[in-house]
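One structure is given below, encoded as structure tokens.
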Amino acid sequence: MEYKGYIINEDGKSIKVTNIKDFNPVHTFECGQCFRWRRQKDGSYTGVVREKVVNLRFYDGILEISNTNLDEFKDIWFDYFDLGRDYTDIKQKIMKDEVMEKAIAFGSGIRLLKQDLWEMIVSFIFSANNRIPMIMKTIEAVCRKYGNKIEYDGNTYFTFPSIDALSATDVQELEVCRGGFRCKYVVETARKIASGEVDIKELNNLSADKAGEVLMKLPGVGPKVSDCILLYSGTKYEVFPTDVWVKRVMQELYFKREASIREIRKFAQEYFGELAGFAQQYLFYYARENGIGAG
DNA sequence: TTGCAGGGGTCAA
DNA sequence: TTGACCCCTGCA
């Protein structure tokens with residue numbers, strides 16, 4: 001069966017998608033954009049997306065996804081893995097200098113996942129002033145406590161909780177998930193969205209700046225978290241989330257001096273234009289994995 | 001063993 | 001513009 005240029009075989013348990021380019025699961029799942037994909041001993045990745053648990057492996061240009069089928073490929077995975085986008089072309093366009101050449105070579109298999117907007121809002125509120133392993137633990141605990149149970153391959157997994165589930169809880173209860181001072185932001189945010197005070201369905205129709213303004217009405221969401229939410233939900237690609245790592249790599253490799261977050265964002269958005277978000281992801285992964293600016 | 005700094009920012013003063 | 005902030009890890 002062919003679907004939008006990909007040849008897909010399904011056997012009732014899994015699908016194999018051939019002709020996948022510009023994809024490497026390590027680059028994609030370890031580049032800081034997602035928190036719920038876990039590397040298995042055999043090198044495959046298992047993750048929860050929407051109501052599904054799947055296991056994924058990649059070899060010889062073949063993307064094999066277990067516990068799914070062709071209908072779900074069309075409905076979920078094609079968009080989720082951004083398979084309609086030509087990353088070869090994107091990379092060429094943002095490879096403007098030697099820095100980007102190195103960063104892109106290093107993370108050549110990064111794809112920006114189109115993840116659930118609500119899940120990104122909560123996840124990146126938890127990310128503020130926090131470390132990745134800790135963020136993952138907290139999110140997992142939140143799913144365990146407030147999500148729905150899914151059984152797969154002898155293990156129990158949990159879906160990401162609904163807006164209603166988190167708006168109905170109270171801060172003290174959420175705090176057992178070890179989210180610290182961010183818990184009050186998450187509960188308040190859930191309530192503002194549930195009540196309709198902040199409308200997150202309209203973000204697609206707004207400019208990136210306006211969409212950011214809407215998101216920043218939510219407690220715990222500032223410029224950086226807002227950019228992450230927009231980028232990793234596939235809502236806007238011209239944003240340039242500037243955290244401490246991106247700040248460091250930009251200072252060291254572009255500015256050659258101290259520069260403010262504001263200045264860096266502005267520069268990047270002018271330099272990379274509508275593809276700034278992609279550039280950020282290669283730069284972030286390159287900086288963090290190589291400890292650029294850390295010493 | 002204990003103690004302390006600091007982290008993929010945001011908020012409030 | 002600057003400190004506090006939950007919790008945890010790394011390192012004296």
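All values below come from the heavy atoms of this structure, side chains included, with hydrogens, waters and symmetry mates left out. Residue numbering restarts at 1 for every chain, and letters A, B, ... go by the order of the sequence lines.
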Rounded interatomic separation in angstrom, taking CD from A:Gln280 and C1' from B:dG8
10 Å
Report which part of the nucleic acid A:Val221 touches: base, sugar-phosphate, or nothing (heavy-atom distance under 4.0 Å, all strands).
sugar-phosphate
Return whichever of A:Gly220 or A:Cys228 has its heavy-atom-nearest nucleotide of DNA chain B closer to the 5' end.
A:Cys228
Value in whole Å for how far the C1' atom of B:dA12 lies from CZ of A:Phe181:
14 Å
Using a 4.0 Å heavy-atom cut-off across all strands, classify A:Pro241 as base, sugar-phosphate, or nothing.
nothing
Once you apply a heavy-atom cut-off of 4.0 Å, does A:Phe124 come out as touching a base, just sugar-phosphate, or nothing?
nothing
For A:Leu218, which contact category applies under a 4.0 Å heavy-atom criterion: base, sugar-phosphate, or nothing?
sugar-phosphate
For C:dC7, does OP1 or OP2 lie under 4.0 Å from any side-chain N or O of A:Lys137?
no
May I ask you to check whether over 12 heavy atoms, not counting those of A:Lys74, lie within 6.0 Å of atom NZ?
yes
From CD1 of A:Ile132 across to C1' of C:dC8 the rounded distance in Å is 15 Å
For A:Pro133, report the nucleic acid contact type (base, sugar-phosphate, nothing); a contact means any heavy atom under 4.0 Å.
nothing
Figure out the CD/P separation between A:Glu175 and C:dC8, and round it to whole Å.
12 Å
Take atom CD1 of A:Ile125 and atom C1' of B:dT10, then tell me their distance rounded to the nearest Å.
10 Å
If you check the A:Ala128 side chain, which of B:dT10, B:dG8, C:dC6 turns out closest?
B:dT10
Flag if over 12 foreign heavy atoms under 6.0 Å of CD, A:Glu173
yes
Do we see a donor-acceptor contact under 3.5 Å between the side chains of A:Tyr285 and A:Gln33?
no
How many Å lie between CD on A:Glu213 and C1' on B:dT10, as a whole number?
17 Å
I want to verify a distance call: between C:dT9, B:dG9, B:dC11, whose nearest atom is closest to the A:Tyr185 side chain?
B:dC11
Polar side-chain atom of A:Asn24 near backbone of A:Val26 as donor-acceptor pair, under 3.5 Å:
yes
Using atom CG of A:Asn129 as one end and atom P of C:dT2 as the other, report the distance to the nearest whole Å.
17 Å
Picking from B:dG9, B:dG6, C:dC6, the nucleotide nearest the side-chain atoms of A:Lys184 would be C:dC6
Taking any heavy-atom pair under 4.0 Å as a contact, classify A:Phe35: base, sugar-phosphate, or nothing.
nothing
Inter-nucleotide P distance (B:dT2, C:dC6), Å rounded:
25 Å
Check every strand shown and say whether A:Lys247 touches a base, only sugar-phosphate, or nothing at a heavy-atom separation below 4.0 Å.
nothing
Quick check for you: among B:dG8, C:dC8, C:dC5, whose closest atom lies nearest to any side-chain atom of A:Met134?
C:dC8
Establish whether the base of C:dC6 is bridged to the side chain of A:Asn130 by a donor-acceptor pair shorter than 3.5 Å.
no
Is there a donor-acceptor pair closer than 3.5 Å between any side-chain N or O of A:Thr138 and the backbone N or O of A:Arg178?
yes
Under 4.0 Å: is that the gap between some side-chain N or O of A:Arg178 and OP1 or OP2 of C:dC7?
yes
P atoms of C:dC8 and B:dT10, separation to the nearest Å:
22 Å
Using Watson-Crick or G-U wobble geometry with both distances under 3.5 Å, which nucleotide pairs with C:dA4?
B:dT10
Counting any heavy atom closer than 4.0 Å, what does A:Gly180 reach on the DNA or RNA strands: base, sugar-phosphate only, or nothing?
base
Distance, P atom - from C:dT1 to B:dG8, rounded to whole angstrom
23 Å
Tell me if a side-chain donor or acceptor on A:Thr46 pairs with a main-chain N or O of A:Val53 at a distance below 3.5 Å.
no
Give a yes or no answer on whether the side chain of A:Ser167 reaches the backbone of A:Ile163 with a donor-acceptor pair at less than 3.5 Å.
yes
In whole Å, what is the span from the CE atom of A:Met136 to the C1' atom of C:dC8?
16 Å
